[in-house]
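Here's the structure, in structure tokens; my notes come after.
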Amino acid sequence: MGRAGRAAVKENLPRLRDEWRLDFVVVNGENASNGMGLSGDHAKGLLDAGADCVTLGDHAFDQKDMMQFIQNEPRVIRPINFAHGDVPGKGFRVFEARGGRKVLVAQALGQVFMKRAFDDPFSAVDQVLRTHPRGGMVQASIIDIHCEATSEKMGMGHFCDGRASLVVGTHTHVPTADTQILPGGTAFQSDAGMCGDYNSVIGMEKAEPMRRFVTGMPKARFTPALGEATLSGVYVETDDRTGQATRIEMVRQGGRLSQSGPI
Ligand SMILES: [Fe+2]
């Protein structure tokens with residue numbers, strides 16, 4: 001989320017990659033550019049900091065240069081059900097992690113309380129998981145379910161249970177405390193939270209959103225809050241043979257939220 005979020009990733013990710021011996025890192029970058037979408041330059045910054053894959057979201061193309069950039073940078077993926085017809089980029093991809101292991105990453109947009117009616121995410125994800133079985137074609141699979149409603153995210157978690165290694169939500173910027181491994185071996189958290197300044201309203205400088213809530217009147221533009229960011233996310237361990245998750249931990253590093261992460 002904005003400059004503070006980018007800084008948190010840049011400052012922490014190289015160290016965490018090392019300390020936690022991370023084999024594969026996915027960063028949701030959709031609001032890293034001034035709180036609206038992701039520019040090519042900022043995507044490059046996240047990849048250079050140690051992301052193996054950057055996912056986008058409903059604001060995928062708010063920064064217009066992403067339309068071009070994503071066509072030349074396969075490590076950036078957009079939602080699989082973003083729009084009909086000609087959408088630049090891909091909604092899923094199989095990556096190669098350290099040691100030659102294959103990791104599937106797919107992102108889908110939910111439908112509940114979203115600003116427009118996206119296509120059914122469940123059938124889109126179903127098709128990808130059927131063609132990329134965990135423990136078969138890929139050693140691990142990650143589904144980023146980008147949407148507003150925790151109910152829809154949990155629905156997606158259970159829909160993918162036994163088929164994906166991890167289902168994790170993004171979009172709300174607020175981490176949820178329902179970190180768990182579902183019965184079929186799929187790690188799950190409804191929302192990963194944001195890398196951003198939590199002295200804010202979901203990452204935005206709080207004065208303007210508060211004014212709009214309190215008075216109903218807009219007066220200025222939203223701008224990202226610039227205090228020290230918390231790096232939020234999840235840490236997952238998987239079994240290479242089965243693709244099942246064996247451990248998931250909530251991650252919160254730096255900034256205002258209480259600390260957590262692998263020990
Ligand atoms: Fe979003």
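Worth saying up front: this structure is predicted, and the values here are computed from it rather than measured. Just follow the structure's listing: the first ligand is 1, and inside any ligand the first atom is 1.
Using a 4.0 Å cut-off between charged side-chain N and carboxylate O, D58 and R116 make no salt bridge.
Side-chain N/O atoms of H171 and D191 include no donor and acceptor closer than 3.5 Å. The closest side-chain donor-acceptor pair between N31 and H59, if any, does not fall under 3.5 angstrom.
With rounding to the nearest 0.5 angstrom, the OG1 atom of T230 is 8.5 Å from the CZ atom of R256.
Scored by the salt bridge (Lys or Arg N to Asp or Glu O under 4.0 Å) test, D197 finds no partners at all (sequence neighbours excluded).
The Fe ion (ligand 1) has E30 OE2, D58 OD1, H146 NE2, H171 ND1 as its protein N, O or S neighbours under 2.8 Å.
Across R78 and Q107, no two heavy atoms sit closer than the pair C-OE1, 3.7 Å.
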